[in-house]
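Within every chain, numbering begins at 1; the chains are lettered A, B, ... in the order of the sequence lines, protein sequences first and strands thereafter. The shown structure was predicted, so the numbers you read here are calculated from the model rather than taken from an experiment.
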2 protein chains.
Amino acid sequence: MKAENKHSKIITAATKVFAKKGFFTARISDIAKEAKVADGTIYLYFNNKYDILLSVFEEGVGKILGKTQKLLAANDDPVEMLRIYVIEHLTAMRKNKNLAEVIQIELRQTNKVIKQYRDKKFSEYTGIITTIIQFGQEKGVFRSDIHPDLSKRILFGALDEVSRVWNVTLETHYTVEEVADQVLTIFLRGIMVANN
Amino acid sequence: MKAENKHSKIITAATKVFAKKGFFTARISDIAKEAKVADGTIYLYFNNKYDILLSVFEEGVGKILGKTQKLLAANDDPVEMLRIYVIEHLTAMRKNKNLAEVIQIELRQTNKVIKQYRDKKFSEYTGIITTIIQFGQEKGVFRSDIHPDLSKRILFGALDEVSRVWNVTLETHYTVEEVADQVLTIFLRGIMVANN
DNA sequence: ATTACATGAATGAATAGTCATTCATGTTTT
DNA sequence: AAAACATGAATGACTATTCATTCATGTAAT
């Protein structure tokens with residue numbers, strides 16, 4: 001119990017420190033201080049600095065992925081499914097800005113191993129969009145001339161950028177609902193079969 | 001001449017090295033080697049490592065911005081203007097993958113100074129989208145319930161993500177034209193006033 | 001219930017290596 | 001022969017990781 005507790009304390013601290021200072025500028029001693037443990041203790045729970053970063057990502061995305069999949073399972077309307085995905089994503093990013101920062105910035109970084117790891121792990125999450133779009137096309141709700149893979153990038157990129165801004169400027173004047181509504185309005189109108 | 005020549009040689013080399021290894025992992029000696037100058041020579045042209053990064057960005061974005069503004073000046077159809085912007089951006093990102101990498105990844109980094117600098121400089125470039133959208137709304141071509149600021153993020157995020165992928169996977173199987181077409185189809189249908 | 005012993009989690013000072021930046025020296029240009 | 005430019009080895013500051021030691025908790029023996 002105590003061990004598990006300390007593990008998450010370090011994860012939480014690291015998320016915060018990485019978000020604030022960036023992976024390379026963050027010091028192990030910063031994380032230790034934030035988590036209120038000794039520097040050495042961190043190495044009882046993680047192999048090295050990279051391992052901490054990957055764990056932050058793994059556990060963070062894991063939670064979001066799990067929740068999203070659960071919510072979507074109870075649904076079979078493509079439009080409604082996209083709505084759920086968008087709202088869940090924006091809500092999660094807004095709620096945990098530190099995690100958002102790590103996912104959006106630190107994990108993209110250069111290091112090929114990190115980058116490929118992120119893309120692999122992440123593709124499970126963004127792949128959901130592709131699946132929904134294909135499903136919608138089969139149902140005849142979404143236009144068939146839309147490339148599911150490309151439009152996945154288009155939607156995800158839009159979500160990524162609008163939520164990234166929450167971490168940069170103090171553009172708090174848009175709520176999750178407003179943003180979700182704009183993104184969905186534009187994207188859905190863009191991919192749906194005309195019906196009026 | 002010789003000085004100017006060396007300056008750009010270093011910029012080009014740095015762009016390549018930063019793109020490949022990332023800002024923090026890149027060594028000054030790597031850049032020097034790539035540019036075929038001595039380590040110390042770099043400090044005759046730049047104040048420090050950060051200065052090199054900012055210069056890469058400044059000069060790179062400057063060129064793209066200039067070209068885009070020039071092309072747009074000769075036009076007054078909002079739809080056509082968006083098309084030009086999208087195609088120019090994708091073409092530029094595709095053509096200079098190293099610069100794209102630096103802009104998209106390295107410059108987002110954490111360091112608050114860097115980040116704010118990027119956002120300030122960049123907002124001039126992405127702000128063009130906002131202007132075009134507002135222009136289109138005034139002309140009654142784009143829906144008035146679209147937030148120009150938000151939809152700027154939506155379009156730019158989409159562009160950023162689709163072009164980022166060119167640097168990660170070997171997803172070369174979409175051409176600039178195909179990608180531009182999908183993005184524009186979806187986005188324009190999303191923001192235009194219905195006219196049928 | 002007190003004492004002796006055992007365990008392994010936690011500590012943080014010391015290590016070992018890295019690299020941005022400087023500068024004494026050399027080379028080229030005017 | 002100045003002045004301007006270029007070199008790259010040496011410097012010095014910085015920090016991830018290690019590991020000898022401490023300490024808290026549990027178990028066994030008396």
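Taking atom CG of residue A:L44 and atom P of nucleotide D:dC19, one finds them 13 Å apart after rounding to whole Å. To the nearest angstrom, C1' of D:dC5 lies 12 Å from CD1 of B:I10. As rounded to whole Å, 15 Å separates atom P of C:dG12 from atom NZ of A:K36. The interatomic distance linking A:F46 (CZ) with C:dA10 (C1') rounds to 15 Å, in whole Å. In this structure, A:I31 atom CD1 and D:dT15 atom P are separated by 13 Å, rounded to whole Å.
Residues passing the side-chain hydrogen bond (donor to acceptor under 3.5 Å, both in side chains) test with A:K36: none are found, sequence neighbours excluded. A search for salt bridge (charged side-chain N to carboxylate O under 4.0 Å, His left out) contacts involving B:K33 returns nothing, not counting sequence neighbours. Applying the side-chain hydrogen bond (donor to acceptor under 3.5 Å, both in side chains) criterion to B:K49, with sequence neighbours excluded, gives no partner residue. In this structure, B:D39 has no side-chain hydrogen bond (donor to acceptor under 3.5 Å, both in side chains) partners at least two apart in sequence or on a different chain.
Between B:H7 and B:Y45, the angle of the ring planes goes over 60°, which puts this pair in the perpendicular group of the 30/60° scheme.
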Can I get a per-line list of side-chain donor-acceptor pairs under 3.5 Å for residues 137-147 of chain A, giving both atom names and the distance, sequence neighbours left out?
from: A:Q137; atom 1: NE2; to: A:R143; atom 2: O; distance (Å): 2.9
from: A:Q137; atom 1: NE2; to: A:I146; atom 2: O; distance (Å): 2.8
from: A:K139; atom 1: NZ; to: A:D76; atom 2: O; distance (Å): 3.1
from: A:R143; atom 1: NE; to: A:D145; atom 2: OD1; distance (Å): 3.1
from: A:R143; atom 1: NH2; to: A:D145; atom 2: OD1; distance (Å): 3.4
from: A:R143; atom 1: NH2; to: A:D145; atom 2: OD2; distance (Å): 2.8

Which donor-acceptor pairs under 3.5 Å do the side chains of residues 124-136 of chain B make with protein atoms, sequence neighbours left out?
from: B:Y125; atom 1: OH; to: B:H89; atom 2: ND1; distance (Å): 2.7
from: B:T131; atom 1: OG1; to: B:G127; atom 2: O; distance (Å): 3.0

Can you name the atoms? Protein N/O to nucleotides 20-23 of chain C N/O, anything below 3.5 Å, with the distance.
from: C:dA20; atom 1: OP1; to: B:A26; atom 2: O; distance (Å): 3.3
from: C:dA20; atom 1: OP1; to: B:R27; atom 2: NH1; distance (Å): 2.8
from: C:dA20; atom 1: OP1; to: B:K49; atom 2: NZ; distance (Å): 3.3
from: C:dA20; atom 1: OP2; to: B:I28; atom 2: N; distance (Å): 3.0
from: C:dT21; atom 1: OP2; to: B:Y43; atom 2: OH; distance (Å): 2.6
from: C:dT21; atom 1: OP2; to: B:K49; atom 2: N; distance (Å): 3.1
from: C:dT21; atom 1: O5'; to: B:Y43; atom 2: OH; distance (Å): 3.4

Please list, for nucleotides 6-8 of chain C, all pairs of protein and nucleotide N/O atoms separated by less than 3.5 Å.
none

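The side chain of A:K6 places an N or O atom within less than 4.0 Å of a non-bridging phosphate oxygen (OP1 or OP2) of C:dA10.
Residues in residues 154-163 of chain A take part in these salt bridge (Lys or Arg N to Asp or Glu O under 4.0 Å) pairs, two or more places apart or across chains: A:R108-A:D160, A:E161-A:R164, A:E161-B:R153.
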